[in-house]
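Structure, as structure tokens:
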Amino acid sequence: MEQIISLQKGWKVLQDVHDIGEKTGLYRQYESSTDIGTQISEWEPLEELKHLQLLYANQPYFGRELRYFNQAPWWYCLEFDIPGEDYESMLIRFTNVDYYAKVWLNGKLLGEHEGYSAPFSFETKGIAREGEKNYLIVKVSSPWDEEVEQDGQVSRTMLVKRNMVKGTYEHSDTFIQRDVNPVGIYGKVELLLSKAGAIAGDVEVDYKLDVDGGKADVTVGTALHCLKEGQKYAITVTIREKDSGLVREQKKEIFTAEKKTEDRKYCLRMEKVNLWSTWDHGRPWMYQAEAVLEKDGETLSRRVTAFAFRKIEIERNAETTRFWLNGKKIYIRGTSYYPDCYISAMTKERYLRDLLNVKAAGFNLVRVHVHTEQTCFYDLCDKLGIAVLQDSEYNWTHPSTDEWAERFANIFRDNVKLLKRHPSVICWIIMNEPGCVDPDGKIRERFMEENPGPRLYRELQEMDSERPIIKGSFCEDDLLSGDSHNYVGSLTGGEYGEIYGQMEKLNTEYGFDAPGCAENLKRIPSVYRRLEGILEQIPEIQEYQYKLLKYYTEHYRIQKYAPCAGYVQFMFIDLCPQSFYGIYDWWGIPKKGLNAILESNAPVGIFAKHRDFIEGIYIVNDTDKAYKACTASWTVTEAESGKLIAQDSCEADFGADCCVQITKFPENYGKGMKWNLSLDLMDEQGNSIARNVYTDICTLLPHVKGHPERMSHEIGMRLYWA
């Protein structure tokens, strides 16, 4: 049986402040050097593998002192033993190194890697020493970029040309504070030892569903290594239901190895397939594909991969951008997700907390915004039935060279391979807001042609022909993209009521930033002090966030499939203590904006279409269930006195996956009045299906004073009028 040795503990680290470690042969020095002249720091023990700012910075989320973490490379050193046995393969595997890595073992260079999210490994046979001490050295860096736009058209979001394929660092709009650029080894480091045959990497699963979706042809692929030519082996491939463990199909093959490494594929026919679905449209059925390699009755290697069956499509033309799941339209109720600047700060428990709250708020999708989370996050989305729009690392301004485009393509391909097995990932987004934005809000066409988007679109279709692709998010008129971003009443100025009458096919960004709980902000004194001038106004700012989110969300719900096929609110939770886009603050405490989502985002809702008057009432049903003999009722009262203005009800029948108008009010109904409106939807037995309330419905709040005109780049936050 192969052996896996964890290399998590015992690391030492130093920063090479003059970047002379390679010249002085630091990769051969396993003890601290205090020689005069080298100017190399001493090795110091590292308590855990995590982004270095989280381990060494007093305040890892802002501050100019953070810049020293990225001004020079870091070196890691680990001493470890290998049992004295005769191994055919000794593989060292890293899951996450942010960002550039160069790896030596016992003074010999193993190789280099770029990127932070995809695993990589090196074969060490012939370099590793069995039964002796081994020394693993890794040079890690995540440098600042120096090229800045100088064309006289500098905007607040298009400053630094990011040379790394890393979507969110050195922002100039305070989304991520200017001085935050994560660096370090995190995740797992392992030594995989094999003596007599092993399965390399994960089991790969591909399938083809029958037209009716009830049966499937499944191909299970295995990459074998360390085989002995001419000897017999056995492989057993098993497909099980993940929850019950029930064996659904199995195939065993005995073969004679012809080469030391072989790729073998096995085809199985699955009957009575259960399809994965989002939580609001069925059950997220999961399966496992297991491959076991044996020789002479002894198990040599075992690999298990979780997967699911489902069919996802996108319907896209000049009028429509719409997803279909398992042959049925699915209306997207989504939120953007980036829970921490430092991905290594996240744990399975934090992910679970957030995703349970995502589901409780009625969302059926999260957009992973211009980064890649840890793999356990996607496992949880699979299990909970929450769909994922997965961005690449392309965000805003990058070099226009072929060399950079090739690096970007390589990293994105690796991430696609990493995440392809997850049924929750329903769509790839190649680029977020590519290039520059013209004053009229249109993406300049030349960026859509000159950047890596068209090429990667074609390559991804070959890599993953079953999954939709958005070439450039915020390129609504591009027929290979088709989604919009809308910040009227927020980042682009104006008032949120101006979206009345606008038509969008699929919105993947809208929102407003509001500071969270003042008691939590006290934990970060410099942030709290910087907001002292508006502490008393925080409830008002949260009220504006609530009103804007409610107005946008219901605007999209009422336009269901005419033409809107869904929306993605920006964002679910603040990604650091002083970034305020979330409906939860960084500590996980809700803001009033969450109330807007709870009122407007449930699978079945009752809504008023309004501006400075009330136009009508609508029922929106995103479920697969039709409702009969329901009762919709509404009550209009004066906001201050509570005096009854109007009260009425009607019987309402509405089908599955629909939007129906149940009443239309007279022209300019309520204009100039201060009225409250409450709505109720009851089933035939008198059980509540949906409720909604509107306070002073005909008064739209004015845009928060000073937003987003002033920012603190030192702390990384909106100032409003502070």
Side-chain angles (χ1 to χ4, degrees), residues 1-16 20-35 38 40-50 73-97 100-113 119-140 184-201 223-229 231 260-261 293 295 298-302:
M1 186 70 177
E2 63 186 338
Q3 185 177 358
I4 299 177
I5 297 176
S6 173
L7 302 180
Q8 298 295 107
K9 301 294 184 180
W11 287 89
K12 298 177 182 178
V13 70
L14 62 82
Q15 189 174 29
D16 182 7
I20 58 173
E22 289 191 61
K23 293 180 181 179
T24 58
L26 184 57
Y27 49 86
R28 294 190 298 267
Q29 297 177 21
Y30 312 127
E31 301 297 333
S32 291
S33 172
T34 54
D35 294 340
T38 62
I40 295 292
S41 302
E42 297 181 69
W43 294 110
E44 58 181 295
L46 190 67
E47 58 186 75
E48 60 180 314
L49 292 179
K50 219 170 192 178
W74 294 78
W75 290 72
Y76 290 73
C77 176
L78 178 69
E79 177 186 307
F80 64 95
D81 297 317
I82 298 177
E85 302 183 33
D86 187 18
Y87 294 102
E88 290 291 323
S89 173
M90 294 181 283
L91 207 67
I92 288 179
R93 182 176 186 267
F94 298 81
T95 61
N96 306 93
V97 180
Y100 294 107
K102 199 167 185 178
V103 184
W104 291 265
L105 182 65
N106 299 328
K108 301 291 186 181
L109 179 65
L110 296 180
E112 300 181 50
H113 184 262
F120 60 97
S121 58
F122 301 109
E123 177 59 62
T124 68
K125 179 70 174 177
I127 300 174
R129 300 193 285 252
E130 299 178 49
E132 299 181 40
K133 295 291 184 186
N134 290 267
Y135 298 93
L136 181 61
I137 305 285
V138 187
K139 180 184 180 183
V140 179
I185 301 175
Y186 66 101
K188 293 181 180 180
V189 184
E190 298 174 322
L191 180 65
L192 285 70
L193 304 174
S194 303
K195 287 195 294 185
I199 302 169
L224 308 179
H225 69 145
C226 299
L227 302 175
K228 294 191 179 296
E229 297 176 22
Q231 295 194 7
K260 188 175 181 179
T261 61
L293 178 66
K295 186 176 185 299
E298 178 188 359
T299 297
L300 302 178
S301 184
R302 174 183 280 109

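For reference, positions follow the sequence shown, starting with 1. This is a predicted model, so every value here is computed, not measured.
The aromatic rings of F94 and F122 lie perpendicular to each other, with more than 60° between the two planes, well past the 30° mark. Using cut-offs of 30° and 60° on the angle between ring planes, the pair Y76 and W11 is perpendicular.
If you take CE on M90 and CD on Q3, they are separated by 12.0 Å, rounding to the nearest 0.5 Å. One distance of note links CG of L227 with OG1 of T261; it measures 7.5 Å at 0.5 Å rounding. Rounding to the nearest 0.5 Å places CD1 of I199 at 4.0 Å from OG of S301. The line from CG of L105 to CD1 of I92 is 5.0 Å long, rounded to the nearest 0.5 Å. Atom CD in E47 sits 9.0 Å away from atom NZ in K9 (nearest 0.5 Å). Distance check: I185 CD1 to E48 CD gives 13.0 Å after rounding to the nearest 0.5 Å.
Looking only at distances, no side-chain donor or acceptor of D16 sits under 3.5 Å from a matching main-chain atom of P73. Between the side chain of N106 and the backbone N or O of I127 there is at least one donor-acceptor pair closer than 3.5 Å. Using a distance-only test at 3.5 Å, with no hydrogens or angles considered, a donor-acceptor pair links the side chain of Q29 to the main chain of T24. Between the side chain of S194 and the backbone N or O of E2 there is no donor-acceptor pair closer than 3.5 Å.
Other residues, nucleotides and ligands place no more than 12 heavy atoms under 6.0 Å from the NZ atom of K12. Counting non-hydrogen atoms of neighbouring residues, nucleotides and ligands closer than 6.0 angstrom, the CD atom of E132 exceeds 12 such neighbours.
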TODO: Show your reasoning for whether side-chain contact (heavy atoms from CB on, under 4.5 Å) applies to L26 and I137.
DONE: CA-CA 9 Å; L26 184 57; I137 305 285; 5.8 Å; no
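Considering only heavy atoms from C-beta on, K295 stays 4.5 Å or farther from K228 through its side chain. Side-chain atoms of V103 and E112, non-hydrogen and from C-beta on, never get closer than 4.5 Å to each other. L14 has its side chain out of reach of C77: every pair of non-hydrogen atoms, C-beta onward, lies at least 4.5 Å apart. Side-chain contact between E123 and S89 is present, with at least one heavy-atom pair separated by less than 4.5 Å. Using a 4.5 Å heavy-atom cutoff, the side chains of L193 and P83 are in contact.
The heavy-atom pair separating L7 from L49 by the smallest distance is O-CD1, 4.4 Å. When all heavy atoms of T95 and K188 are compared, the closest pair comes out as OG1-N, 2.7 Å. The heavy-atom pair separating D86 from K125 by the smallest distance is OD1-NZ, 3.9 Å. The shortest non-hydrogen separation linking A101 to V138 is CB-CG1, 4.4 Å. The heavy-atom pair separating L192 from R93 by the smallest distance is CD1-CB, 4.1 Å. Between G197 and L300, the shortest heavy-atom distance links the atoms O-CB, 3.5 Å.
With W75 as the fixed residue, the ring-ring contact (aromatic ring centres under 6.0 Å, His included) test singles out one of W43, W104, Y135: W104.
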